[in-house]
Amino acid sequence: MTIKIFNTLSRKIENFTPINGNEVKMYSCGPTVYDYAHIGNLRYFVFVDLLKRILKEAGYSLYQVMNITDIDDKTIKRANEKGVDFHEISLKYEKIFFEDLEKLKCSRPDLAPRATDEIDFMSEMIQFLIEKGYAYESSGSVYFSLASYPEYGKLSKLDLSKVKIGARVDVDTYEKESPGDFALWKGKKDNEPSYKMPFGEGRPGWHIECSAISRKHLGEQFDIHTGGVDLIFPHHENEKAQSEAFCGVKTVNYWIHSEYLIVEGKKMSKSLGNFYTLRELEDRGFDYDSVRYMLISSHYRAQLNFTITGLKAAESTISNIKVFVQHLMAGGEGSVDLVDMVREHEKAFFDALMDDLGIGNALSHLFIIINNINSADPLKVNAATKEAVIKAFTRFNTILDISQLEMTENKIPADVNTLAQERYQARQDKDYSRADELRGEITEMGYIVEDTPKGFILRKMDE
RNA sequence: GGCGGCAUAGCCAAGUGGUAAGGCGGCGGUCUGCAAAAUCGCUAUUCACCCGUUCAAAUCGGGUUGCCGCCUCCA
């Protein structure tokens, strides 16, 4: 299947074609591990997970590398505040980061190198860039010279001659040749970790980390580079400049960025108090599936307005899906045939995903299948239809990966089933007080019994 | 000041030329001994506003308004 995807470089939706046949090499900007990931970070990682799953569904083999930024202003600042080595901070939050990913069913990258483990290669790149005149040393730091690289600005569509330097951030210009030049290497400062290199003692700049790690582990040219939209400028623009100056070729074919997540209509910030982490949502009683569903179900290029109301809606939605699944698994012994309908929407689901990850459109086909089966009554569809739905939903779940979509047989403990049988008999005998008593016992055991004209259906209550 | 994006029901949201998907919520009904659950149906003559192109516009062009993002280390 051909995937269509929006490329930030062209600002157009393009047909995706890997460099090397069936193999896709992808680099994803990873976390700075200095604190708990917030829901906006997590939105990005869920998007990356969705993209990976769709690539695999389309038949590609995938190799993904994601950097772990363990040395930068934030990890150092946090370490100094706590009076500990910065590794102590970064290792702690790296571990928590991967736990969060796992909770949200985001598959791990194939390789996740830490910046501090790749400093030798960064050094090689920096030395080369200095030798070739792309970079210069000044006051102990090394800067990339924008003047040496005319392609600069193509990714972010910024015309530096028209940009107001320092419109939002103060820029130190005294030691740079030009205000737009950015640091490859930051000269040693007190209270900061440093490494001795031929061009001086210090620590790496942020952008060189991604250039070095992607070059080393994916080669000079690879297929996909992902990040949040906020990274387009300056991070990816800078990274692109360094990498292409070093490699002498176009290094990335598809730049793919996910939009911001906002909270209750406003940009998330600690001062507004609308800063959610996964564990805070957990404390409020939401489960991971609800969070995953909410984050995955809106288009990656649209701003996602995260609200508690919305999260509750997501919870209801997937809970309803689960009820349907349980009904279907109890049915399928009738004669109504809807196999063609199911197959048609199964195909449409994946067609939508291949079109620039059209998840909203795709999901509508899942619900259309549910509505059509429900209209016919899950108890009345034939075995072939039931099988078709199981097959379709199982495939859907290779993308969505929520427990509510798992097509497992209703596993009802024998004692619960016996109670339900007794209750059924009691109802036949019109001994309703006994029936209610038995229903109470079944509820106690965590099951819901539903009466139908033909008997009863048992299903497990949500935990 | 420069660059870019968005505006579809109570809320979320798909749709980019052929007559408004889907989800949540709400309302009404069905089933039921009752409660609950479940289920069925209904829920935008209309896509921010104005002008234009077209047989045909939410979709294309021009303009207006409003909101948002980026402009040098924030996913």
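In this model, no donor atom of one side chain and acceptor atom of the other lie less than 3.5 Å apart for A:Thr69 and A:Asp72. Side chain to side chain, A:Glu237 and A:Ser156 meet the donor-acceptor criterion of an N or O pair below 3.5 Å. No side-chain donor from either of A:Tyr34 and A:Asp70 sits under 3.5 Å from a side-chain acceptor of the other. With no hydrogens or angles considered, a side-chain donor-acceptor pair links A:His257 and A:His236 at under 3.5 Å. In the model, A:Tyr134 has no side-chain atom that pairs as donor or acceptor with a side-chain atom of A:Gln242 under 3.5 Å.
Partners of A:Glu151 according to the salt bridge (Lys or Arg N to Asp or Glu O under 4.0 Å) rule, which considers only residues two or more places apart in sequence or in another chain, are A:Lys154. Remark: A:Lys347 engages A:Asp351 in a salt bridge (Lys or Arg N to Asp or Glu O under 4.0 Å) (not counting sequence neighbours). In this structure, the ring-ring contact (aromatic ring centres under 6.0 Å, His included) partners of A:Tyr36, at least two apart in sequence or on a different chain, are A:Tyr93. With sequence neighbours excluded, the residues forming a side-chain hydrogen bond (donor to acceptor under 3.5 Å, both in side chains) with A:Lys105 are A:Asp289, listed by chain and number. Partners of A:Glu315 by salt bridge (Lys or Arg N to Asp or Glu O under 4.0 Å), not counting sequence neighbours: none found. Qualifying side-chain hydrogen bond (donor to acceptor under 3.5 Å, both in side chains) partners for A:Arg114, counting only residues two or more places apart in sequence or in other chains: A:Glu94.
Applying a 4.0 Å cut-off to non-hydrogen atoms, the residues of residues 67-76 of chain A that approach RNA chain B are A:Lys74, listed by residue number.
Applying the salt bridge (Lys or Arg N to Asp or Glu O under 4.0 Å) rule to pairs touching residues 182-191 of chain A yields A:Asp73-A:Lys186, sequence neighbours excluded. Screening residues 363-375 of chain A for side-chain hydrogen bond (donor to acceptor under 3.5 Å, both in side chains), with sequence neighbours left out, gives A:His345-A:His365.
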Give me, pair by pair, the N or O atoms of the protein and of nucleotides 4-7 of chain B that are less than 3.5 Å apart, along with how far apart they are.
none

* To do: Classify every nucleotide of nucleotides 17-29 of chain B by which part a protein heavy atom approaches to under 4.0 Å, writing B for the base, S for the sugar-phosphate alone and - for neither, in 5'-to-3' order.
  => ----BSSSS----

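For A:Asp436, the side-chain atoms get nearest to B:G33 when compared with the rest of B:C40, B:A75, B:G33.
B:A7 and B:A13 are spaced 13 Å apart, taking the C1' atom of each and rounding to whole Å.
Stretches of at least 3 consecutive Watson-Crick or G-U wobble pairs, with each checked distance under 3.5 Å, appear in RNA chain B as B:1-7 with B:65-71, B:10-12 with B:22-24, B:25-30 with B:38-43, B:48-52 with B:60-64.
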